[in-house]
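One-based numbering, in listed order, for ligands and for the atoms of each.
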Amino acid sequence: MSIPATQYGFVYTKASGLTLNKNIPVQQPGIGQLLLKIDAVGLCHSDLHVIYEGLDCGDNYVMGHEIAGTVADVGPEVDDWSVGDRVAAVGPNGCGNCSFCRGDAENVCKRAFGDWFGLGNDGGYQQYLIVQRPRNLVKIPDNVPSGIAAASTDAVLTPYHAIKMAKLTPASKVLIVGAGGLGANAVQIAKTFGAHVTVLDKKDKARAEALKFGADAALESLPAHTEAGSFDVCFDFVSVQATFDICQKYCQPRGIIVPVGLGAPKLTIDVADLDLREIKILGSFWGTTTDLEEVFELVSKGIVKPNVRSAKLEELPVYLEKLKKNEYEGRMVFHP
Ligand code: NAD
Ligand code: ZN
Ligand code: ZN
């Protein structure tokens, strides 16, 4: 594999937003590091929150946090990976040594906070990436193409982690608000747990896809006769006040609301209602290495089929605009 000296990529700065840089040096991996050739990288709605809405994830780095690639070079003291291995990045990039990382909670590693792949630290909107902690890579199954693998690292991993934490059972009645990149996969995963799934999405095509992926109902809004407290778990993949209010109203006593979306920087809770009905609000962040390995089992076996569309990385700015206008379904992945 011949490795160029420079490459192109999309760099985010707070001052200028996302800009194309055609002259980014391709570095050699140092001790314990490896160089990854990016095969595919997904576009997440979180990128919009960072670029246009002030979600603070650091300054001056190459964006792109859904990463699948091939090992192009390994530095000294890297024993676990070899040139040619197909791997995907576990975005939270845990340090590996702290109690969270040792306890299978590396997604909330305090040392790695803001040092996430493509969010604070360099990511995949480029051709080559230095991976500082190769422990945060997972092997991609041979039958999973790179585009699907990239989307699996967040658009599948994040709903999988949230659903695992909420401990769904076949008796669970679930509400999923927002069936886009993440939510459409949440439908499929919730169905693998045997849950009854109702989807709310404002877009016709997203509702049609949700039904295709096994949702029991997909609606623009809940019918007026719906009883308050109808759902055991409400996953909010939008998390603006209006959607959170729906989740709180329709969540069962002792039910769980998981506001996975980052749509509003702050939300207001009806505290009395929360207390009187003992509702839990569960934060959920991305996922762990174990979670991603389990996600790849589901994807490799065809149990979850992420809906992925592809384009060249040069076209990223076009698709940022399209995502802003909610003009496509599923996940866009780019090939540098
Ligand atoms: P997306 O744009 O692909 O999908 C959003 C979907 O929600 C679309 O289908 C849209 O039609 C629907 N929608 C928007 N507003 C709505 C409303 N008011 N009512 C009903 N439906 C509505 O977004 P995505 O990439 O799936 O990301 C979803 C959210 O999850 C984003 O806020 C993103 O930042 C967040 N996110 C969180 C984590 C985490 O770890 N907590 C990880 C990844 C993404
Ligand atoms: Zn994301
Ligand atoms: Zn750690």
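Taking NZ of K37 as the start and CZ of R86 as the end, the distance is 11.0 Å to the nearest 0.5 Å. Here the NZ atom belonging to K203 is positioned 8.5 Å from the CD atom belonging to E209, to the nearest 0.5 angstrom. Rounded to the nearest 0.5 Å, atoms CG (L175) and CD1 (I246) are 8.0 Å apart. Separation of atoms NZ (K324) and CD (E53) is listed at 9.0 Å; rounding is to 0.5 Å.
Under a 4.0 Å criterion applied to the non-hydrogen atoms of S284, ligand 1 contributes the atoms 39 (C), 40 (O), 41 (N). The contact set between ligand 1 and F285, taken as ligand atoms under 4.0 Å from a residue heavy atom, comprises 40 (O). Using a 4.0 Å cut-off to heavy atoms of L323, the atoms of ligand 1 that qualify are 2 (O). Close contacts of ligand 1 with T243, meaning ligand atoms under 4.0 Å from a residue heavy atom, involve 17 (C), 18 (N), 19 (N). If you number the atoms of ligand 1 from 1 as listed, the ones under 4.0 Å from a heavy atom of R331 come out as 24 (P), 25 (O). The ligand atoms of ligand 1 that sit less than 4.0 angstrom from a heavy atom of K203 are 11 (O). Heavy-atom contacts of V238 reach the following atoms of ligand 1: 7 (O), 13 (N), 14 (C), 15 (N), 16 (C), 22 (C) (cutoff under 4.0 Å). Atom numbering of ligand 1 starts at 1 in the shown order; those under 4.0 Å from a heavy atom of D154 are 42 (C), 43 (C).
Proximity of a side-chain donor or acceptor of N185 to a complementary backbone N or O of G181 within less than 3.5 Å is detected. The backbone N or O of F285 sits less than 3.5 Å from a side-chain atom of N107, completing a donor-acceptor pair.
Shortest contact from atom 27 (O) of ligand 1 to any protein heavy atom: H45 CB, 3.5 Å. Closest to atom 38 (C) of ligand 1, if we only count protein heavy atoms, is T158 CG2, 3.7 Å. In this structure, atom 31 (C) of ligand 1 lies nearest to the protein heavy atom H49 NE2, 3.6 Å. Here the heavy atom of the protein found nearest to atom 20 (C) of ligand 1 is K202 N, 3.5 Å. The shortest contact between atom 12 (C) of ligand 1 and any protein heavy atom is with D201 OD2, 3.2 Å. Given atom 10 (C) of ligand 1, the protein heavy atom at minimum distance is N326 ND2, 3.3 Å. Among protein heavy atoms, the minimum distance from atom 29 (C) of ligand 1 is reached at F237 O, 3.2 Å. Nearest protein neighbour of atom 44 (C) of ligand 1, counting heavy atoms only, is S46 OG, 3.3 Å.
Note: F113 and W116 have perpendicular aromatic rings, judged against thresholds of 30 and 60 degrees for the angle between ring planes. Between W286 and H65, the two ring planes are perpendicular [angle over 60°; tilted spans 30° to 60°]. Between F193 and Y160, the ring-plane angle classifies as tilted under the 30° and 60° cut-offs.
In summary, K191 and D216 engage in a salt bridge, as defined by a charged side-chain N under 4.0 Å from a carboxylate O. With salt bridges taken as basic N to acidic carboxylate O contacts below 4.0 Å, one links D273 and R277. Ion pairing between R331 and E66 holds under the 4.0 Å rule for side-chain N and carboxylate O.
At a 4.0 Å cut-off, not a single heavy atom of A242 sits close enough to ligand 1 to count as contact.
The shortest N or O to N or O distance between C44 and ligand 1 is not under 3.5 Å. Between G178 and ligand 1, a contact under 3.5 Å exists for no N or O pair. Inclusion of V177 in the set of residues having an N or O under 3.5 Å from an N or O of ligand 1 is not warranted. Looking at G330 next to ligand 1, no N or O pair under 3.5 Å apart turns up.
Checked against the Zn ion (ligand 2), the N, O or S atom of D154 at the shortest distance is OD2.
Remark: the D47 side chain and the Y125 side chain contain an N/O donor-acceptor pair separated by less than 3.5 Å. Between the side chains of Q241 and D245, at least one donor N or O sits under 3.5 Å from an acceptor N or O.
The shortest heavy-atom contact between I140 and V87 is CD1-O, 3.3 Å. Residues I24 and Y8 come closest through the heavy atom pair CD1-C, 4.2 Å. Counting all heavy atoms, side chain and backbone alike, L34 lies closest to P134 at CD2-CB, 3.9 Å.
At least one N/O/S atom of C44, from backbone or side chain, sits under 2.8 Å from the Zn ion (ligand 2).
At a heavy-atom distance under 4.0 Å, no atom of E329 approaches ligand 1. Proximity of A179 to ligand 1, defined as any heavy-atom pair under 4.0 Å, is confined to the backbone N, CA, C and O atoms. Looking at A206 against ligand 1, only its side chain comes within 4.0 Å, counting heavy atoms.
Between the SG atom of C98 and the SG atom of C109, the angle taken at the Zn ion (ligand 3) works out to 110° after rounding to 10°.
In the candidate list A162, G180, A184, G287, G180 is nearest to atom 4 (O) of ligand 1, counting heavy atoms. Considering each of G183, A151, G261, the one bringing a non-hydrogen atom nearest atom 35 (C) of ligand 1 is G261.
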